[in-house]
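Contents: one structure, followed by commentary.
Counting starts at 1 for both ligands and their atoms, in listed order. These figures come from a predicted structure and were not determined experimentally.
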Amino acid sequence: MSEQHTIHVGGAWRAAASGATRDILDPADATTLAVVAEGGAEDTDAAIAAARTAFDEGPWPRTPVAERAALLRRVADLLQRDREEIGLLESRDAGKTLEEGRVDVDCVTDAFRYFADLVMNESGGRVVDAGSPDIHSVVVHEPVGVCALITPWNYPLLQASWKIAPALAAGNTFVIKPSEITPLTTVALMRLLAEAGLPAGAGNLVTGAGDPVGARMSEHPDVDLVSFTGGLLSGTKVMRAAADTVKKVALELGGKNPNVVFADACATDEGFDTAVDQALNAAFIHSGQVCSAGSRLIIEESLRERFVAELARRAEKIRIGRGTDKGVECGPLVSAQQLARTEEYVSSALAEGAVLRAGGERPDGPGYFYRPTVLDRCHRGMRVVREEVFGPVLTVETFRTEDEAVALANDTEYGLAGGVWSADAGRARRVAGRLRHGTVWINDFHPYLPQAEWGGFGKSGIGRELGPAGLAEYRETKHVYQNLAPRPVRWFAG
Ligand code: NAD
């Protein structure tokens, strides 16, 4: 396979029908890392047709569940075999550290294993009591059909696995479109799916831009479901495009996630150190390009000065550089556009009265780097507090009462995730119960479990990934009602 043959249709690798290609850039120095096919509408239609045929004619939807689970486990094993290679590729393509790249491969492996186990441990249909021994009534779950899977650039492989693994476990066929900025590990994953024995046409891949490829997938009449992870603006376009054909739509969108710290969490030196450390982790891991980044620090007023001073001191010490270099803790932003966006948000915050405590600039040299930035004295009137920056920018707001903390944390149009720090377990649980966010961490930030649903309230999305609900997204529910002793009903006299 030449490196420009990155479109996978009906089991074969090919170049774009138009012959167009796209350079994939290394965000650490803006040099070309790879050249991929730039798919268009024609390639997308071909991929959807292949997935349609593979669904309608099989064999994948009718493959016994034990064989489907076995294939997912083979993919997991192959991911572990190629862990170093794929982790390195993810690190270079998305700009994350090598260790983060490796951890991503492990998380992807877990997702494939989890969905294999989940379908194997199911009991099948549910018998319903219809009130008569002559009626056998059962509720069963079937695959939805052809799934269009659209993924973002921040966790390319991870987001792909949260969709591909449950889609295949449930017996669907799919077409995936990775972000045009970071397609390389999705191409690698498709190779592993083929090596593991996925039948031709059951999994298809089109590399290319959101419009036309993603837009075509969202509107195409032969697609039954579209599962999208990305920004709010693109998500609303996907939903509109899917409306005419009444597809099932799942959206995992952005977040503006609060990290609420009560003073009692920092009453001891150890508690203080932990809360500061985790606030840094919440905001700056992967340079803040995380949908669940704890980018809003909401801190009890009495603790503000001490906490922010220490946070800023440690933020200044974060070592930024190429993700594959030894000792680097934060890589570059993914693109020139993302860097410009971050710079613009920081300028607007400073113009609106925020106080710069750390960072606020890009270092000298090539690449899309930006220093971890702490903005103090922020408030809800500022764009930087309301909108998702998706860069290494942490804003600080303060509260005096528990009610005030909850009100601030819920004052967002998003609702993806949030953290609460308190030494008072009762208070922590009470506040967690009042937060309108899909995931709430108490005295922690960022961990997720494949067994636990992931998704958002409000404009953070529709539906859930992971957990049993993450599998249910890829299924239709059917009620089969069998009359074992049919007789005329005589509703009509004649
Ligand atoms: P994006 O919306 O720009 O792109 C996401 C994907 O959608 C890409 O593949 C893109 O090509 C495609 N796309 C763009 N326009 C489209 C259209 N009109 N129709 C169909 N597809 C289209 O997002 P991004 O910048 O790649 O990713 C960052 C965003 O993703 C952030 O908002 C982040 O919060 C979100 N995200 C959310 C989660 C979550 O689990 N909720 C996880 C990761 C990222």
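- The shortest heavy-atom distance from G456 to ligand 1 is not under 4.0 Å.
- Using the six-membered ring where Trp is involved, H286 and Y155 have ring planes that are perpendicular, over 60° apart on the 30 and 60° scheme.
- Using a 4.0 Å heavy-atom cutoff, A215 is listed among the residues neighbouring ligand 1.
- Within the 4.0 Å heavy-atom criterion, both parts of E252, backbone and side chain, lie near ligand 1.
- Close approach of ligand 1 to G231 is summarised as follows: ligand atoms under 4.0 Å from at least one heavy atom of the residue are 1 (P), 2 (O), 23 (O), 29 (C), 30 (O), 32 (O).
- Between the side chains of T97 and E100, at least one donor-acceptor pair of N or O atoms lies under 3.5 Å.
- Counting heavy atoms of neighbouring residues, nucleotides and ligands inside a 6.0 Å radius, atom NZ of K459 does not exceed 12 of them.
- Partners of P183 by side-chain contact (heavy atoms from CB on, under 4.5 Å), not counting sequence neighbours, listed by chain and number: I24, V36, D93, P178, T207.
- Contact annotation for Y155 and ligand 1: no heavy atom of the residue comes within less than 4.0 Å of the ligand.
- Each of the atoms 18 (N) of ligand 1 lies under 4.0 Å from some heavy atom of K237.
- Using a 4.0 Å cut-off between heavy atoms, Q159 contacts ligand 1 through its side chain alone, with no backbone atom that close.
- Residue E465 does not touch ligand 1, judged by heavy-atom distances below 4.0 Å.
- Ring geometry, W441 versus H446: the interplanar angle exceeds 60°, so the pair is classed perpendicular (tilted spans 30 to 60°).
- Residue T229 approaches ligand 1 through these ligand atoms, each under 4.0 Å from one of its heavy atoms: 5 (C), 36 (N), 37 (C), 38 (C), 39 (C), 42 (C), 43 (C), 44 (C).
- Residues R314 and D277 form a side-chain contact, since some pair of their non-hydrogen atoms from C-beta on lies under 4.5 Å apart.
- Taking the six-membered ring for Trp and the full ring otherwise, the centers of Y414 and H437 sit at least 6.0 Å from each other.
- Other residues, nucleotides and ligands place more than 12 heavy atoms under 6.0 Å from the CD atom of E99.
- Here W162 and Y448 bring their ring centres to under 6.0 angstrom of each other.
- Close approach to L416 involves these atoms of ligand 1, each under 4.0 Å from a residue heavy atom: 41 (N).
- The salt bridge (Lys or Arg N to Asp or Glu O under 4.0 Å) check on R386 picks up nothing, with sequence neighbours excluded.
- Heavy-atom contacts of S234 reach the following atoms of ligand 1: 1 (P), 2 (O), 3 (O), 14 (C), 15 (N) (cutoff under 4.0 Å).
- With a heavy-atom cut-off of 4.0 Å, N154 touches ligand 1 through its side chain alone.
- Taking a 6.0 Å sphere around CZ of R216, one finds it holds more than 12 heavy atoms contributed by other residues, nucleotides or ligands.
- Looking at ligand 1, you'll find an N or O of L253 within less than 3.5 Å of one of its N or O atoms.
- If you number the atoms of ligand 1 from 1 as listed, the ones under 4.0 Å from a heavy atom of W454 come out as 39 (C), 40 (O).
- Against a heavy-atom cut-off of under 4.0 Å, G230 is close to the following atoms of ligand 1: 2 (O), 5 (C), 23 (O), 29 (C), 30 (O), 32 (O), 35 (C).
- Those atoms of ligand 1 that come under 4.0 Å of a heavy atom in V238, given as number and element, are 19 (N), 20 (C).
- Distances from ligand 1 to the non-hydrogen atoms of W162 include no value under 4.0 Å.
- Contacts between P178 and ligand 1 below 4.0 angstrom, taking non-hydrogen atoms only, involve the backbone exclusively.
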